[in-house]
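This report concerns only the one structure given below.
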Amino acid sequence: MKSYSYPYPHIIIDNFITKETCDKLITELNTAEEKFKVESVMGGRRRFNKKNFTLEDEAFKLYEKFNNINLFNSFFEILEAETKNSEKKFRIDNIFKNIELKKENNFLFKIKKKILKPLLSNKVFLEMDYSIGRNGYNREPHHDAPNKIIIFLLYLNSFENLDEGGALEIYKYKEKFKDKFLQNPLDENLELEKKMYPKQGQLIIFLSCPNSIHGVEFYKPQNENKRYFVYGSYGSYYNLDWKEN
């Protein structure tokens with residue numbers, strides 16, 4: 001495991017899951033794609049969730065692995081420590097103590113959110129999807145929704161031909177725009193800091209603070225190659241109040 005502070009806190013863990021597990025997940029994803037006809041988004045990405053798998057599938061087991069408050073806290077502790085050396089030192093005052101097994105999202109819960117904020121503000125919920133990226137998949141520079149605490153990406157296959165694109169892109173703001181934190185900033189306000197091409201079994205985790213701008217390079221595979229990956233986030237029921245130290 002390696003952790004970094006620049007341009008915002010992130011962690012890279014190689015071999016977070018084994019090649020055997022990655023291959024099983026890819027097989028399950030291919031089966032899900034044949035069974036469930038889902039529309040492509042983001043130019044060429046098909047997304048599935050735990051409802052598309054059985055309890056015996058590796059995909060469901062992987063969800064249970066991440067749905068753990070201790071794992072969340074271990075990630076958060078490392079990322080929070082890295083903020084001390086970040087260009088922008090963001091923090092949140094919430095102390096997250098519990099993880100919800102299922103995110104509630106109905107009319108009754110919207111009322112409950114208004115009444116029970118002290119009880120719900122320390123809860124975390126996990127969202128995960130399992131994706132197949134095809135030709136044309138890309139993401140513009142952005143940071144995730146304002147209630148997200150931590151984002152993670154787990155890659156199930158590697159890219160041997162870097163000309164195919166599909167890298168995770170990490171951005172920083174140019175000097176004169178560094179205090180303007182937009183969810184979808186203009187390209188001309190940013191500088192590309194680094195690219196990370198998918199590596200089988202690798203987990204990338206980052207703090208979803210206001211300057212955590214990232215995107216995905218346009219994917220143009222050869223020989224009908226696909227980009228298999230898992231996207232996940234730990235979120236709060238309320239938008240986060242990030243403070244700059």
Side-chain angles (χ1 to χ4, degrees), residues 1-14 16 63 65-100 103 120-129 139-155 167-175 177-185 189-196 198-199 202-216 229-245:
M1 186 192 76
K2 295 181 180 178
S3 60
Y4 304 86
S5 60
Y6 191 81
Y8 46 83
H10 59 286
I11 303 167
I12 300 176
I13 305 175
D14 289 333
F16 183 78
Y63 178 89
K65 181 182 180 75
F66 279 101
N67 199 43
N68 182 311
I69 191 65
N70 293 323
L71 185 64
F72 164 81
N73 282 329
S74 67
F75 291 156
F76 188 72
E77 182 179 344
I78 296 166
L79 293 168
E80 192 175 39
E82 287 293 343
T83 63
K84 296 173 183 177
N85 298 314
S86 299
E87 185 178 40
K88 290 288 182 179
K89 300 173 176 59
F90 289 105
R91 63 178 174 82
I92 43 178
D93 293 333
N94 304 59
I95 298 174
F96 301 103
K97 296 180 179 179
N98 301 293
I99 195 160
E100 297 284 270
K103 177 188 175 184
L120 295 174
S121 60
N122 66 356
K123 293 183 181 293
V124 176
F125 62 84
L126 170 68
E127 291 184 304
M128 273 176 63
D129 62 53
R139 286 297 323 260
E140 73 288 347
H142 68 285
H143 76 70
D144 288 66
N147 69 312
K148 302 298 184 184
I149 309 161
I150 290 174
I151 304 298
F152 61 87
L153 294 160
L154 176 61
Y155 296 115
L168 173 66
E169 298 178 321
I170 300 294
Y171 291 90
K172 65 178 182 179
Y173 281 97
K174 291 180 179 177
E175 184 66 24
F177 300 107
K178 67 179 183 179
D179 295 320
K180 296 181 179 180
F181 306 115
L182 301 176
Q183 190 168 355
N184 297 97
N189 296 354
L190 303 171
E191 293 179 6
L192 179 62
E193 178 63 22
K194 64 180 174 180
K195 292 183 179 182
M196 291 183 279
K199 183 178 177 182
Q202 187 181 73
L203 179 67
I204 298 176
I205 312 140
F206 53 89
L207 199 64
S208 191
C209 47
N211 68 330
S212 61
I213 305 301
H214 58 284
V216 177
F229 65 101
V230 177
Y231 163 89
S233 69
Y234 293 105
S236 166
Y237 284 111
Y238 305 93
N239 288 346
L240 301 171
D241 182 20
W242 292 96
K243 294 181 173 63
E244 200 171 342
N245 288 348

Report task. Please tell me if the side chains of Met196 and Ile204 come closer than 4.5 Å, counting only heavy atoms from C-beta onward. Result -> yes
**Report entry** Within-4.5 Å side-chain heavy-atom neighbours: Asn147 and Tyr238
**Finding:** no
Query raised in the report: What's the spacing between Phe177 CZ and Asn189 CG if we round to 0.5 Å?
Result: 4.0 Å
Query raised in the report: Any chance the side chains of Thr83 and Lys89 put a donor and an acceptor closer than 3.5 Å?
Result: no
**Report entry** Under 3.5 Å: donor-acceptor pair, side chain of Tyr173, backbone of Lys180
**Finding:** yes
Report summary line: In this structure, CD of Gln202 is separated from CZ of Phe229 (nearest 0.5 Å) by 14.0 Å
Query - Residues which pass salt bridge (charged side-chain N to carboxylate O under 4.0 Å, His left out) with Lys123, listed by chain and number, not counting sequence neighbours - result: Glu100
Requested in this report: Would you check if Val216 and Glu169 make a side-chain contact, meaning some heavy-atom pair closer than 4.5 Å?
Outcome: no
Report task. Would you check if Asn184 and Leu182 make a side-chain contact, meaning some heavy-atom pair closer than 4.5 Å? Result -> no
Report summary line: Between Leu190 and Pro185 the two heavy atoms that sit nearest each other are CD1-CG, 3.9 Å
Query raised in the report: Who are the side chain to side chain contact (heavy atoms under 4.5 Å, CB included) partners of Ser5, not counting sequence neighbours?
Result: Glu82, Asn85, Ser86
Query raised in the report: Any side-chain heavy atom of Val124 within less than 4.5 Å of one from Asn98?
Result: no
**Report entry** Aromatic ring proximity Tyr237/Phe125, centre distance under 6.0 Å
**Finding:** yes
Requested in this report: Under the side chain to side chain contact (heavy atoms under 4.5 Å, CB included) rule, collect the residues that match up with Lys84, sequence neighbours excluded.
Outcome: none
**Report entry** Lys174/Glu191 salt bridge by N-O under 4.0 Å criterion
**Finding:** no
Requested in this report: Output the distance between atom CG (Leu240) and atom CD1 (Ile92), rounded to the nearest 0.5 Å.
Outcome: 5.0 Å
**Report entry** All side chain to side chain donor-acceptor pair (under 3.5 Å) counterparts of Lys88, not counting sequence neighbours
**Finding:** Asp179, Glu244
Report summary line: Here the pair of heavy atoms bringing Gly232 nearest to Met128 is CA-CG, 4.0 Å
Report task. Measure the acute angle between the ring planes of Phe66 and Phe152, then classify it against the limits of 30° and 60° as parallel, tilted or perpendicular. Result -> parallel
Report task. Report the distance from atom OG of Ser3 to atom CZ of Phe75, rounding to the nearest 0.5 Å. Result -> 12.5 Å
Query - Aromatic ring proximity, centroids under 6.0 angstrom, Tyr4 and Phe206 - result: no
Query raised in the report: How close do Pro210 and Trp242 get, heavy atom to heavy atom, and via which atoms?
Result: CD-CG, 3.6 Å
Requested in this report: For Lys195, check side chain to side chain donor-acceptor pair (under 3.5 Å) against everything at least two apart and list the hits.
Outcome: Glu217
Query - His214: side chain to side chain donor-acceptor pair (under 3.5 Å) partners, not counting sequence neighbours - result: His142, Asp144
**Report entry** Non-neighbouring partners of Asn68 that pass side chain to side chain contact (heavy atoms under 4.5 Å, CB included), sequence neighbours left out
**Finding:** Asn70, Leu71
Query raised in the report: For Lys194, what residues pass the side chain to side chain donor-acceptor pair (under 3.5 Å) criterion, not counting sequence neighbours?
Result: His10
**Report entry** Test side chain to side chain contact (heavy atoms under 4.5 Å, CB included) applied to Pro198 - qualifying residues, sequence neighbours left out
**Finding:** Tyr155, Phe159, Arg227
Query raised in the report: For Lys2, which residues count as a salt bridge (charged side-chain N to carboxylate O under 4.0 Å, His left out) partner, sequence neighbours excluded?
Result: none
Query raised in the report: How long is the span from the CD1 atom in Ile149 to the CD atom in Glu80, to the nearest 0.5 Å?
Result: 11.5 Å
Report task. State which residues pass salt bridge (charged side-chain N to carboxylate O under 4.0 Å, His left out) with Asp93; sequence neighbours excluded, sorted by chain then number. Result -> Arg91, Lys243
Query raised in the report: Does a side-chain heavy-atom distance below 4.5 Å link Phe72 with Ile150?
Result: yes
Query raised in the report: Just how far is it from atom CG of Leu207 to atom NE2 of His143, taken to the nearest 0.5 Å?
Result: 11.5 Å
Requested in this report: Evaluate the side-chain proximity of Ile11 to Ile78: yes if any heavy-atom separation is below 4.5 Å, no if none is.
Outcome: yes
Query raised in the report: Side chains of Tyr8 and Lys172: do they bring a donor and an acceptor to under 3.5 Å?
Result: no
Query raised in the report: Who passes salt bridge (charged side-chain N to carboxylate O under 4.0 Å, His left out) against Glu77, sequence neighbours left out?
Result: none
Query raised in the report: Do the side chains of Ile205 and Ile151 get nearer than 4.5 Å, heavy atoms only?
Result: no
